[in-house]
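A quick write-up on the structure given underneath.
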Amino acid sequence: MAKTLFDKIWDNHVVKQVEDGPSVVYIDKHFIHEVTSPQAFSGIEKRGLKVFRPDKVVATADHNVPTINQHLPIKDELSRLQVQQLIDNCKKHHIELYGLGHPFQGIVHVIGPELGITQPGMTIVCGDSHTSTHGAFGAIAFGIGTSEVEMVFASQCLLQSKPKLMRINIEGTLSEGVVSKDIILYIIAKITASGATGYFVEYAGSAIRALSMEARMTICNMSIEMGARGGMIAPDEVTFNYIKGRQFAPAGEQWENKIAAWKQLYSDADAVFDVEINIDASEIDPMITYGTNPGLGISIQGHIPVTENITDEGERKNIIKALEYMGLESGKSLLGMPIQHVFIGSCTNSRIEDLRLVASVVKGRKKNENVQVMIVPGSQQVARQAQAEGLNKIFLEAGFEIRQAGCSACLGMNDDKIPAGEYCISTSNRNFEGRQGAGARTLLASPLTAAAAAITGVITDVRELEPIH
Amino acid sequence: MIALKKIHSRFVPLQMENVDTDQIIPARFLKATTRDGFGKNLFRDWRYENNDDTKPKPDFVMNQAKFSGEVLVAGKNFGCGSSREHAAWALQDYGFKAVVSSFFADIFKNNALNNGVLPVKVSDDFLAQLFELGAEDTISIDVEQQSILIDSTGEEEKFEINLYKKTCLLNGYDDIDYLISNREAIEAFENKL
């Protein structure tokens, strides 16, 4: 029978099917961090258990860590305690930890791929909804809650019901100034923030195949923002070339065997999906959000919807409430609107290619004096590479502030927050009320769009940025 | 986990769609290392002015004395966003045993069930009826029968829950007990890898 990419990986990992219930699914790799693991460790300890397969768990500290002076003790007492508990728990349970100060430390969804830990055909989980990122390698990767973290600790398995499957085909060529962040913001705007709930999504088509590995990660990363449990892309030469030679990538004969197996990971030509959506890549413009969920996005050249014209009452109320929070007006264009902050970072857009995109816009320019710009590399490795490539010099000359690796202002668990009422163009993934700090107003966009706004101080179409004279 | 069989209660109507877990429990409260005490920060920024718990916002339903009960009724796509289980812990700690909506986000649904908080998915029409009821109206939820009843009108609807999860809820079992009991099968599976 014809199988989808998802089916092939799923079938390889089912230990057992529960009668009239879920499947016991084996997990190949379990990433953990300081915020969603402590209660899971204490849970198994209460049951008198040890971590069943500690060699399949990798830990890092990312969510609440400061992004300045990481060599000093964390000032915030609760954060310090949480990070210390992760250190203690990993030591006690023999789990590899890339904590603060370690050269591999960084955002969990940045370090897994860059270390070659994330590989095609795997099942990967983490107590974080953006675990969907790893699906870009042709893996089944999804976020779980802390009780589920505890289950994986206890058994290396999870009880899961097979989700429905959706394929989104994006064919054609992207316009100039349009990058993968715009693709995913466009999709979410089209199908809404709940449009893929209950589904696992495979992204396919020539526009996807043409993307780099890091660009693919940005797309899979935001699958959860339309409700999908995960997103995935069939592995190909781009994937293999990315993995080859990385720290924990297979090598030698093992590499050849893996490649042969990975080449089988694609949806068969006659495989059936519950839903298919087709998108023409040339229709996509640089995107920006105006509301308080990632589905409320428009082309940078577009206008905020006119609320009176929205027929669905629930949706109209939502948008009115969102615009009130955002201090924006129905029917208006966002172009030219002043912003006070630019945040470049998060598991969505903090990789080296993202920083190169920003540098390509910023080189030889200075930021607008009314804007504060923070660049937070996704990992220590990204930070070192940015330095080595001379990107840091470009950023510093532009007046940007370069921080140390972590989740930072994406969720404002540390001190990196946007003040109430102020606007931030952010390359992160969520524009929920208060996400970047109580009362903060977030506009999600690509690294190019964020960089353009940093220079002009207002919302700008990067394609219209005046050349340097 | 505590068993859950029946609920007969008033409910708190939160007539909002896309309630994300950042609203249910803001990130700044995720620094705790135990599961306890999240209820006081449930919907923190919708409940209080300027993060000050001496200044409840009078418009927010949880601050209106007329609304009470063990059930939260909310608009579609409840629990979207972050996977934080703290959202389910906060609802439970506050005293909610069930959440009724026309649509739940996947991760939240699992997290709720893993903590004995029942997500009850109803039709848009039934949800609209619930929002039209008065504060003194009560509903009855029966896990065994998979039914939700508006006591005053007699309007009833069935809801979905898989047999395995239903058995867990009715008996207070959790997945970990089940998974550990399967370790032999898991080891056999590993040997084939």
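Order of the sequence lines fixes the chain letters, A, B, ..., with proteins taken first and strands second; residue numbering starts at 1 for each chain.
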From B:His8 atom NE2 to B:Ser140 atom OG, the distance as rounded to the nearest 0.5 Å: 5.0 Å
Contact origin within A:Ser37 toward chain B - heavy atom pairs under 4.5 Å: neither
Partner chain A: residue of B:Ile176, B:Thr167, B:Leu163 with the largest heavy-atom pair count (under 4.5 Å): B:Ile176
Side chain, backbone, both or neither of B:Phe108 within contact of chain A (heavy atoms, under 4.5 Å): neither
Short N-O contact, A:Lys75 and A:Asp415, less than 4.0 angstrom: no
Interface residue of largest heavy-atom contact number with chain B, from A:Phe41, A:Phe52, A:Phe153, under 4.5 Å: A:Phe52
Options A:Glu225, A:Glu19, A:Lys321, A:Arg47, ranked by heavy-atom pairs under 4.5 Å with chain B, top entry: A:Arg47
Neighbour count above 12 (heavy atom, 6.0 Å) for A:Lys162 NZ: yes
NZ (B:Lys57) with more than 12 external heavy atoms under 6.0 Å: yes
Chain B contact via A:Arg430 - side chain, backbone, both or neither, heavy atoms under 4.5 Å: side chain
Which portion of B:Asn50 sits near chain A, non-hydrogen atoms under 4.5 angstrom: neither
Which atoms of A:Glu150 approach chain B - backbone, side chain, both or neither, heavy atom under 4.5 Å: both
Exercise: do A:Asn64 and A:Asn414 side chains pair donor with acceptor under 3.5 Å: no
Interchain contact, A:Val149 with chain B, by part (heavy-atom threshold 4.5 Å): neither
Engaged part of B:Phe189 at the chain A interface, taking heavy atoms whose separation is under 4.5 Å: side chain
Among the listed options B:Lys109, B:Glu190, B:Glu187, B:Lys166, the residue most often paired with chain A at heavy-atom distances under 4.5 Å: B:Glu190
Lys/Arg-Asp/Glu bridge criterion (N-O < 4.0 Å) met for A:Glu45, A:Lys50: no
Sub-6.0 Å ring centroid separation between B:His86 and B:Phe38: yes
Heavy-atom contact with chain A under 4.5 Å, split by part of B:Thr33: both
Part of B:Ala105 within contact of chain A (heavy atom distance under 4.5 Å): backbone
Engaged part of B:Phe29 at the chain A interface, taking heavy atoms whose separation is under 4.5 Å: neither
Polar side-chain atom of B:Asp137 near backbone of B:Gly134 as donor-acceptor pair, under 3.5 Å: yes
Heavy-atom proximity to chain A below 4.5 Å, by part of B:Asp175: both
Among B:Leu193, B:Asn115, B:Asp174, B:Thr21, residue most engaged with chain A (heavy-atom pairs, under 4.5 Å): B:Asp174
Heavy atoms from other residues, nucleotides or ligands near OH of B:Tyr173 exceed 12 (cutoff 6.0 Å): no
Check ion pair B:Glu70-B:Lys97 (N to O, under 4.0 angstrom): yes
Most chain B-contacting option - heavy-atom pairs closer than 4.5 Å, from A:Leu158, A:Val35, A:Thr146, A:Leu411: A:Thr146
Segment of A:Asp76 engaging chain B (4.5 angstrom heavy-atom cut-off): side chain
Best-contacting candidate, B:Arg35, B:Arg28, B:Gln15, against chain A by heavy atom pairs under 4.5 angstrom: B:Arg35
Partner of A:His109 by side chain to side chain donor-acceptor pair (under 3.5 Å), out of A:Asn221, A:Asp128, A:Thr133: A:Asp128
Contact class of B:Asn111 relative to chain A, heavy atoms under 4.5 angstrom: side chain
Considering all heavy atoms, the nearest B:Leu72-B:Leu91 contact: CD2-CD2, 3.9 Å
Contacting region of A:Ile44 [heavy-atom separation from chain B under 4.5 Å]: neither
Centroid-centroid distance, B:Tyr48 to B:Phe60, less than 6.0 Å: no
Residue A:Glu315 versus chain B: region with a heavy atom under 4.5 Å: backbone
Part of B:Asn51 lying under 4.5 Å from any heavy atom of chain A: neither
Region of B:Glu17 that comes under 4.5 Å of a non-hydrogen atom in chain A: both
Interface residue of largest heavy-atom contact number with chain B, from A:Gly434, A:Gly43, A:Ser79, A:Ser42, under 4.5 Å: A:Ser79
Choice from A:Cys157, A:Gly227, A:Ala228 maximising heavy atom contacts with chain B below 4.5 Å: A:Cys157
Expected output: side-chain A:Asn431 to main-chain A:Thr442 donor-acceptor under 3.5 Å: no
Cationic N near anionic O, under 4.0 Å, B:Asp106 to A:Arg229: no
Salt-bridge present (B:Arg47, B:Asp53; N to O < 4.0 Å): no
Best-contacting candidate, A:Ala193, A:Gly314, A:Gly21, against chain B by heavy atom pairs under 4.5 angstrom: A:Gly314
Residue part contacting chain A, namely of B:Asp177, when any heavy atom lies under 4.5 Å: both
